[in-house]
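Note sheet for the following structure.
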Amino acid sequence: MLKKQGGENLAGKIKRYQLKLPSSTNHLELIREFVTNIARGVGFDDEKISQIELAVDEACTNVVKHAYKGDDKQPLDVLVQTDSKKFKIIISDKGKGFSPNKIKTPDMKKYLSEMRVGGLGIYLMQTLMDEVDFKMEPGKKNRVQLVKYIPQ
Amino acid sequence: MLKKQGGENLAGKIKRYQLKLPSSTNHLELIREFVTNIARGVGFDDEKISQIELAVDEACTNVVKHAYKGDDKQPLDVLVQTDSKKFKIIISDKGKGFSPNKIKTPDMKKYLSEMRVGGLGIYLMQTLMDEVDFKMEPGKKNRVQLVKYIPQ
Amino acid sequence: MSGFEIALLENKEIVTLHLKGFLDAHTAPDLETELQKCISNKRYKVIVNFQELGYISSAGLGVFMGFIEEIRKNGGDIKLTNMSSKIFRVFDLLGFPALYEIFKTEEEAVQKFT
Amino acid sequence: MSGFEIALLENKEIVTLHLKGFLDAHTAPDLETELQKCISNKRYKVIVNFQELGYISSAGLGVFMGFIEEIRKNGGDIKLTNMSSKIFRVFDLLGFPALYEIFKTEEEAVQKFT
Ligand SMILES: Nc1ncnc2c1ncn2[C@@H]1O[C@H](COP(=O)(O)OP(=O)(O)O)[C@@H](O)[C@H]1O
Ligand SMILES: Nc1ncnc2c1ncn2[C@@H]1O[C@H](COP(=O)(O)OP(=O)(O)O)[C@@H](O)[C@H]1O
């Protein structure tokens, strides 16, 4: 939808796109469309766009389910920031936060053999994106920052 | 996409959705999707959703073309605010602004006979929406406020 | 996701443009270019088929206004066909059916030309 | 725009679910309900056709994990078919093909059941 425009992402040129919504899973599709449309405009191929789409969905789903424990009226912000090198998405909430260091990377072999439900979101984000970073200030501002490098 | 949820719009419950983008016509489709998806969630029928879609597009197109004279890197904000009665969209820019009172309502008969190009945007907004309101602070914050009443 | 595409069909004197996707301030220049080409090539009998067009704004409507006079001056016309009710409503709201002939099918438009 | 829909087909012992649209944390409960019904009705041979599914997140994957054990305990299985490469990539990334049989067509899955 957002056609690539010549010179739109010259070095140093930062573009920002922001979406603020109530924290409902109802809005996940809208968030995905928002992010994929911008990613398409930057020139990512379909596979990379799908990776970004899924990583962002997982991060936002976690905010709704975990940060706000299903309360669908809390603030969920998605900020997309692009420059010539990085496609950065910052998802922020004012919910309970968590200690990402305490979350263990799932052992997929064990995971599958035990047929567990859930626990894949953060693993997916880390597998799909080039950088994943959490900054927590519970009740104030918790942030997940996802970065995908733009093919040069 | 945003399914209507029971009790989502009880009296007094205000919901806010915000989208901030660079002022490019490139993003009009994204803005339309943003607004129509929320409108669908409120329960408007397809005809009313199309009316809202077109009015918002016209307002945003005017911001890009007139307020910013085509500069596609300026801030364009779209805020959707819903309560039980009104679906309100506030489009704001920091551009040059204008005096809406000086814009004459086109005489459509004359318009068509002269085969003129343009000059239909504000007329469309006024025809399609229940309320249209302009608040201008040139260079600071110009706002177009569009309201559609929610069927009770 | 849809973007905007124009497919062009030429049949004897008549040029038919099939519009697909959305026609707004971003994509209107593409249609402008196509109509400009018609005029440069002296093809003044133009049919625009809206079957696959999902959206039009006043920027799209304006394109037709910008060419109709010159095309008619040269003995041609822009005839519009296959509009969904969504698209027709926009034309109708502005009284455009008084200025443009709108047909259900391309065949009807072709017959009117010949 | 797409939403999520499930169409259910029953053929002798086998229940086939056709998924359409997107399967995320919002729509996963709908699929859960359908699979729960299969189990309540003692229909343990389930085929899930992904042909028209455009998107899946881990919430969607989790649904299958939540039922596979009980279904297999009862001599059944959930077999997956007609995945687009986009959907398959997500399953593959997580090693799910080691746990689920994935077929190109429904026919192959039916044959495996009978
Ligand atoms: N945004 C968040 N806020 C609070 N807790 C979170 C957040 N994201 C993840 N968590 C915690 O980390 C755990 C692992 O998350 P994840 O890998 O996405 O799997 P799942 O969400 O399926 O449990 C969650 O169960 C939750 O306890
Ligand atoms: N957001 C805006 N900022 C500055 N000027 C505007 C804005 N919106 C409208 N105008 C002025 O009002 C005129 C009429 O607008 P409109 O009815 O939308 O028709 P058009 O945009 O096709 O000219 C414009 O030509 C422009 O001069």
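In the text below, chain A, chain B and the rest are named by the order of the sequence lines, each starting its count at 1. Worth knowing before you read on, the calculation uses all heavy atoms, side chains too, and leaves out hydrogens, waters and symmetry mates. All of these numbers come straight from a predicted model, not from anything done at the bench.
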For residues 92-102 of chain A, tabulate all N or O donor-acceptor pairs below 3.5 Å that involve a side-chain atom, not counting sequence neighbours.
residue	atom	partner	partner atom	Å
A:Asp93	OD1	A:Gly95	N	2.7
A:Asp93	OD1	A:Asn142	ND2	2.8

Mind listing the side-chain donor-acceptor pairs of residues 12-19 of chain D below 3.5 Å, one per line with the distance, residues two or more places apart or on another chain?
residue	atom	partner	partner atom	Å
D:Glu13	OE1	D:Lys45	NZ	2.9
D:His18	NE2	D:Glu106	OE2	2.7

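For A:Lys109, no part lies under 4.5 angstrom from a heavy atom of chain D. For a residue to count as touching a neighbouring chain, one of its non-hydrogen atoms must lie under 4.5 Å from one of that chain's; by this rule A:Glu53 touches chain D with backbone and side chain alike.
Considering OG of D:Ser58 and CG of A:Leu124, their distance stands at 6.0 Å, rounded to 0.5 Å. Separating the OH atom in D:Tyr55 from the CG atom in A:Leu28 is a distance of 7.5 Å, to the nearest 0.5 Å.
Against chain A, the residues from residues 85-104 of chain D that qualify, each with a non-hydrogen atom under 4.5 angstrom away, are D:Lys86, D:Arg89, D:Val90, D:Leu93, D:Leu94, D:Gly95, D:Phe96, D:Leu99 in number order. Among residues 63-75 of chain D, the residues having any heavy atom closer than 4.5 Å to a heavy atom of chain A are, in sequence order, D:Met65, D:Gly66, D:Ile68, D:Glu69, D:Arg72.
In this structure, D:Ala25 and A:Thr25 approach most closely via the heavy-atom pair CB-CG2, 3.9 Å.
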